[in-house]
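Structure first, commentary second.
Naming convention: chains lettered A, B, ... in sequence-line order (proteins, then strands); numbering from 1 in each chain. Source: prediction; values computed, not measured.
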Amino acid sequence: MEENSKLNPEQQMAVEIIDGPILIIAGAGSGKTRVVTFRIANLLNKGVHASQILGLTFTNKAATEMKERVLHLTQSAVLICTFHSLGAKILRESIHHLGYTSNFTIYDDDDTDKLLKMCLNDAVGAESKEKLKELKTLISSTKNSLQESPIEGGGRVEGQLFSKIYFQYQAKLKEYNAVDYDDLLALPVKLFREYPSLLEYYQQRWSHLLIDEYQDTNHLQYTLVNYLVSKSRNLCVVGDPDQSIYSWRGANINNILNFENDYPGAKVIRLDQNYRSRSNILDAANHLIARNPNRFEKHLWSARGPGEKIKLFRADNDKMEASFVADRILAYQRQCDLPLSQMVVFYRTNAQSRVFEDCLLQRRIPYVIVGGISFYHRREIKDILAWLRMALSGNDYVSFARTINLPKRGLGDATLDKIRLAASHEQCGILEYCEKLLSKEIVQVPVKLTAKQREGLEEYVQIIHQLQKVSQETTLAALVTAAIDYTRYWTYLEEDKETMVDRKENLNALVSKAAEWEQSTSEPSLTGFLEELSLKSSLDEADTNAERLSLMTIHNGKGLEFDAAFLVGMEEDLFPHINSRDDEEGVEEERRLCYVGMTRAKEYLYLSHAVTRTIWGVTRTQRPSRFLREIPTEYIEKLGAPAPYNYATAVQRKVEKPQPIVSEDFSNGDLVFHQEFGVGCVRQKYDGSAGLTYKVFFSKSNSEKNLVAEFANLARL
DNA sequence: CAATCCTGATTTTTT
DNA sequence: ATCAGGATTG
């Protein structure tokens with residue numbers, strides 16, 4: 001919809017009621033973002049100061065988008081951020097009350113896993129994967145219950161063991177001056193409880209709150225918000241119970257269902273007009289979701305006309321399903337002028353992407369997998385960041401353990417454990433302990449080191465000192481470069497020739513990001529940079545404008561829309577997933593997930609399933625998903641085996657046997673094909689350390705690779 | 001302490 | 001089929 005076209009009456013109401021609690025039930029495609037933007041503009045018009053408004057979202061992407069739209073409409077900068085970065089902000093200002101310092105580290109899942117493993121090891125001397133997983137959820141549930149003491153677990157982990165580990169885990173976090181993701185929400189709540197004056201300060205600071213995707217809030221987020229608005233009661237929440245798909249992560253759908261009870265006198269506004277989908281698609285989705293017994297009754301409608309029927313395709317096997325989808329996509333692109341960026345393949349599990357990738361590669365259809373491993377979770381990036389964290393605090397044992405043996409310094413697990421325990425006894429930070437140990441200062445529990453180990457540790461401590469010095473006097477980008485240089489990280493990378501070039505590229509990208517970030521921030525600091533990176537996900541990097549087909553899990557599709565959507569693998573035990581099969585609430589959530597997937601489509605929706613599917617090397621016979629039966633047949637058109645699209649087969653034949661060319665005659669701009677990486681574009685030709693090298697951009701991975709000409713295996717297209 | 005083989009697990013993952 | 005982490009070697 002156009003930015004300045006008229007709001008419908010419900011949208012208008014949602015914009016104009018600015019005081020008191022208000023719940024906006026915003027169905028799929030009902031113009032939610034627009035309403036939120038206009039609402040903020042209206043608040044500003046009515047005299048609310050920009051600094052008093054706080055908007056909360058779940059993803060950085062959503063926050064950035066909303067911030068930009070508000071800026072565009074009103075020229076005002078309003079604080080719109082994720083729940084977790086709000087938590088981080090509050091803690092940076094006030095965490096000293098709880099005995100941490102304000103430059104605390106934020107641990108991601110990787111880091112907390114390592115910490116938890118340590119605790120489990122210390123407690124029972126052994127660890128099992130299953131227990132680890134269970135402990136993780138128990139810890140998270142404890143924090144979500146707002147208890148200081150561990151909750152009862154119903155599983156294999158004994159209460160006493162869990163209790164011990166929980167306290168250990170929490171104590172270690174504090175010792176290392178670190179917080180986990182849950183702490184970013186739980187510790188502010190703790191502050192609000194224990195320091196009423198602090199609470200009052202934050203209540204005054206933000207007089208008007210706005211929460212997006214309220215159906216996905218967990219108890220911590222609910223409580224945090226509840227504290228903040230309990231005085232002003234100016235709370236506007238936006239959400240759709242039918243799109244609640246994160247209960248397995250602790251989201252509580254009751255937060256939105258009980259809103260009127262929690263905030264008496266709340267106004268409820270329903271946005272029922274869908275501006276996105278053709279009514280065949282929307283009505284089909286409505287019928288499906290109506291099967292869920294426990295829900296807020298609502299009925300979305302569309303004025304966009306019926307459009308085409310939903311296409312249902314039954315394939316003999318998973319490979320043929322993928323070929324069908326790929327051929328349809330080519331046809332849409334060439335015959336209907338649909339850009340690839342307006343099409344999407346949705347699947348239930350990540351493992352399903354593989355067969356599609358192969359197929360798209362063969363047909364030279366550029367694609368991108370949205371989600372997956374984030375740039376910031378790559379090993380080399382995490383390594384360098386761990387060095388920087390050490391330079392920052394020196395207490396962070398997890399980062400210490402990550403970096404101490406890079407490259408090998410003869411300090412393995414056994415020695416590390418000794419050092420850790422000794423430092424703990426000594427009651428000093430890990431770096432401080434190492435300094436003492438090396439300077440032969442009296443330590444109560446000295447750790448015996450071999451000459452080689454001592455030398456290694458000396459070198460390590462010296463590097464940290466150098467980095468600390470550099471961090472005082474130079475730019476962030478230079479600091480990151482220094483971290484790479486001083487640690488001789490490139491030498492370390494060269495041990496693995498296979499991955500070396502890519503990893504180096506990634507580190508260069510990290511330096512660029514540091515420089516960029518420094519430019520765009522008013523008060524750049526290492527702490528701030530590290531925080532930004534810990535709170536960033538792979539989704540935030542995805543750029544949806546490029547001319548590429550998107551592949552993603554349905555979970556990752558929430559909030560997006562496409563002209564054509566292909567919902568694949570509609571089979572029992574895959575979707576609904578086998579792990580949800582036996583419990584009614586689980587199936588309901590799967591059904592909501594299906595609803596989310598269907599309502600992403602504007603014009604064309606395809607549902608497909610395969611009769612046999614190869615999973616983990618085993619071929620199984622699959623039954624069609626129950627969801628297919630739950631959609632009335634009047635909206636569906638069954639497709640027979642499709643005539644393969646001629647162009648596609650022609651291209652496929654051509655590409656099936658690309659001639660590996662050992663060649664030095666590519667030039668910038670040449671289109672090439674690589675067996676593994678797919679279609680690419682030559683960006684640069686230069687003399688690398690390993691010989692003549694091409695820098696090629698591959699659309700599949702959305703990344704540049706350096707290929708040594710001799711092994712390039714490229715075919716010109 | 002490091003290298004190697006082997007076993008076993010593989011839903012979704014906003015932060 | 002694949003890959004990460006564990007146990008077992010050197």
Side-chain angles (χ1 to χ4, degrees), chain A residues 56-63 81-88 106-114 117 126-130 132-133 136-137 140 179-186 212-213 215-218 220-221 243-251 346-352 354-355 358 370-374 376-377 379 405 407-417 450 452-453 456 495 531-540 542 552-560 569 573-581 586 589-590 592-594 596-597 614-619:
Chain A
L56 291 174
T57 64
F58 279 84
T59 64
N60 292 298
K61 194 171 163 236
C81 62
T82 64
F83 277 97
H84 289 82
S85 56
L86 173 73
I106 298 169
Y107 276 2
D108 67 11
D109 275 346
D110 254 20
D111 303 319
T112 50
D113 270 9
K114 283 182 182 151
K117 262 184 202 166
E127 47 180 88
S128 80
K129 230 183 180 175
E130 278 194 352
L132 207 73
K133 221 176 173 182
K136 259 171 88 168
T137 40
S140 187
V179 301
D180 64 18
Y181 284 143
D182 285 330
D183 282 344
L184 286 175
L185 307 168
D212 192 22
E213 306 277 14
Q215 77 280 357
D216 287 330
T217 48
N218 64 24
L220 276 175
Q221 289 156 334
Q243 294 185 63
S244 162
I245 53 175
Y246 282 104
S247 76
W248 50 276
R249 276 195 122 222
F346 283 133
Y347 36 79
R348 177 66 181 81
T349 67
N350 284 310
Q352 288 167 260
R354 181 140 225 147
V355 57
D358 293 344
V370 179
I373 288 281
S374 157
Y376 304 102
H377 282 76
R379 192 170 66 206
N405 230 13
K408 301 263 182 289
R409 289 188 179 77
L411 290 145
D413 288 349
T415 319
L416 275 191
D417 255 1
T450 66
K452 192 186 162 204
Q453 288 175 326
E495 286 170 19
E531 172 176 321
E532 165 108 357
L533 298 193
S534 333
L535 297 181
K536 205 146 205 175
S537 84
S538 52
L539 243 45
D540 303 320
M552 64 186 93
T553 62
I554 310 168
H555 281 89
N556 279 332
K558 202 172 72 164
L560 305 177
D573 293 353
L574 191 57
F575 193 22
H577 195 272
I578 189 162
N579 295 11
S580 313
R581 186 176 55 180
E589 180 147 323
E590 296 281 309
R592 288 196 292 270
L593 191 56
C594 186
V596 168
T614 307
I615 307 170
W616 306 323
V618 184
T619 303

Taking B:dT14, B:dC1, B:dT12 as options, the one with an atom nearest any side-chain atom of A:Y246 is B:dT14
note: A:R354, atom CZ; B:dT10, atom C1'; distance rounded to Å ~ 13 Å
Discussion item. So for A:R249 and B:dT15, does any side-chain atom that can act as donor or acceptor lie under 3.5 Å from a complementary atom in the base?
Written reply: yes
Requested in this report: Assign A:Q453 to base, sugar-phosphate, or nothing according to its heavy-atom contacts below 4.0 angstrom with the strands shown.
Outcome: sugar-phosphate
> Does A:N556 put a side-chain nitrogen or oxygen below 4.0 Å from OP1 or OP2 of B:dT13?
Replying inline: yes
Rounded to whole Å, the CG-C1' distance (A:D113 to C:dA4) equals 13 Å
- Report yes if the ring of A:H577 lies under 5.5 Å from the six-membered base ring of B:dT11 with planes under 30°, and no otherwise. yes
note: A:L411, atom CG; B:dC1, atom P; distance rounded to Å ~ 7 Å
Tell me whether the ring of A:W248 lies stacked over the B:dT12 base, given a 5.5 Å limit on centroids and a 30° limit on the plane angle. yes
Of A:T349 and A:D413, the one whose closest nucleotide on DNA chain B sits nearer the 5' end is A:D413
Atom OH of A:Y181 and atom P of B:dT15 are separated, to the nearest Å, by 8 Å
Residues passing the salt bridge (Lys or Arg N to Asp or Glu O under 4.0 Å) test with A:E590, sequence neighbours excluded, are A:R348
Those residues at least two apart in sequence (or on a different chain) that pass salt bridge (Lys or Arg N to Asp or Glu O under 4.0 Å) with A:D111 are A:K382, A:R389
Looking only at B:dT15, B:dT14, B:dT12, the nucleotide nearest the A:R348 side chain is B:dT12
To the nearest angstrom, the CD1-P distance between A:I578 and B:dA9 comes to 16 Å
Would you indicate, yes or no, if B:dT13 has its OP1 or OP2 atom less than 4.0 angstrom from a side-chain nitrogen or oxygen of A:T553?
-> yes
Self-check item: Heavy-atom check, side chain of A:L593 versus side chain of A:H555, under 4.5 Å
Solution: yes
Sorted by chain and number, sequence neighbours left out, salt bridge (Lys or Arg N to Asp or Glu O under 4.0 Å) with A:D113 holds for A:K136
Residue-phosphate contact under 4.0 Å: A:N405 side-chain N/O, B:dA2 OP1/OP2 | yes
From CD1 of A:I615 across to C1' of C:dA1 the rounded distance in Å is 12 Å
For A:D573, the salt bridge (Lys or Arg N to Asp or Glu O under 4.0 Å) test, sequence neighbours excluded, returns A:R581
Are A:L574 and A:Q352 side-chain neighbours, meaning at least one heavy-atom pair lies under 4.5 Å?
yes
Between A:T415 and A:Q453, does the side-chain hydrogen bond (donor to acceptor under 3.5 Å, both in side chains) criterion hold? Intermediate values first, please. CA-CA 9 Å; A:T415 319; A:Q453 288 175 326; 3.3 Å; yes
Exercise. Base, sugar-phosphate, or nothing for A:A251, non-hydrogen atoms under 4.0 angstrom?
Worked result: nothing
- Message: Just N and O in the side chain of A:Q221: are any of them under 4.0 Å from OP1 or OP2 of B:dT15?
- Response: no
Dot-bracket assigned to DNA chain C with the 3.5 Å Watson-Crick/G-U criterion, [ ] for crossing and | for other-strand pairs, is ||||||||||
Between A:W616 and A:G412, the residue closer to the 5' end of DNA chain B by nearest nucleotide is A:G412
Separation of B:dT14 atom P from A:D212 atom CG, nearest Å, is 16 Å
Across all chains, not counting sequence neighbours, the ring pair (Phe, Tyr, Trp, His ring centres under 6.0 Å) partners of A:F58 are A:F83
Close side-chain approach of A:Y347 and A:N350, heavy atoms under 4.5 Å:
yes
**Asked** So what does A:D182 touch, heavy atoms closer than 4.0 Å: a base, only the sugar-phosphate, or nothing?
**Response** nothing
### Side-chain N,O (A:N579) to OP1/OP2 (B:dT12) below 4.0 Å
no
Worksheet item: Looking across every strand, which nucleic acid part, if any, lies under 4.0 Å from A:D108 by heavy atom: base, sugar-phosphate, or nothing?
Response: nothing
Practice prompt. With heavy atoms under 4.0 Å as the rule, sort A:F83 into base, sugar-phosphate or nothing.
Written response: nothing
Between NZ of A:K61 and P of B:dT14 the distance, given in whole Å, is 12 Å
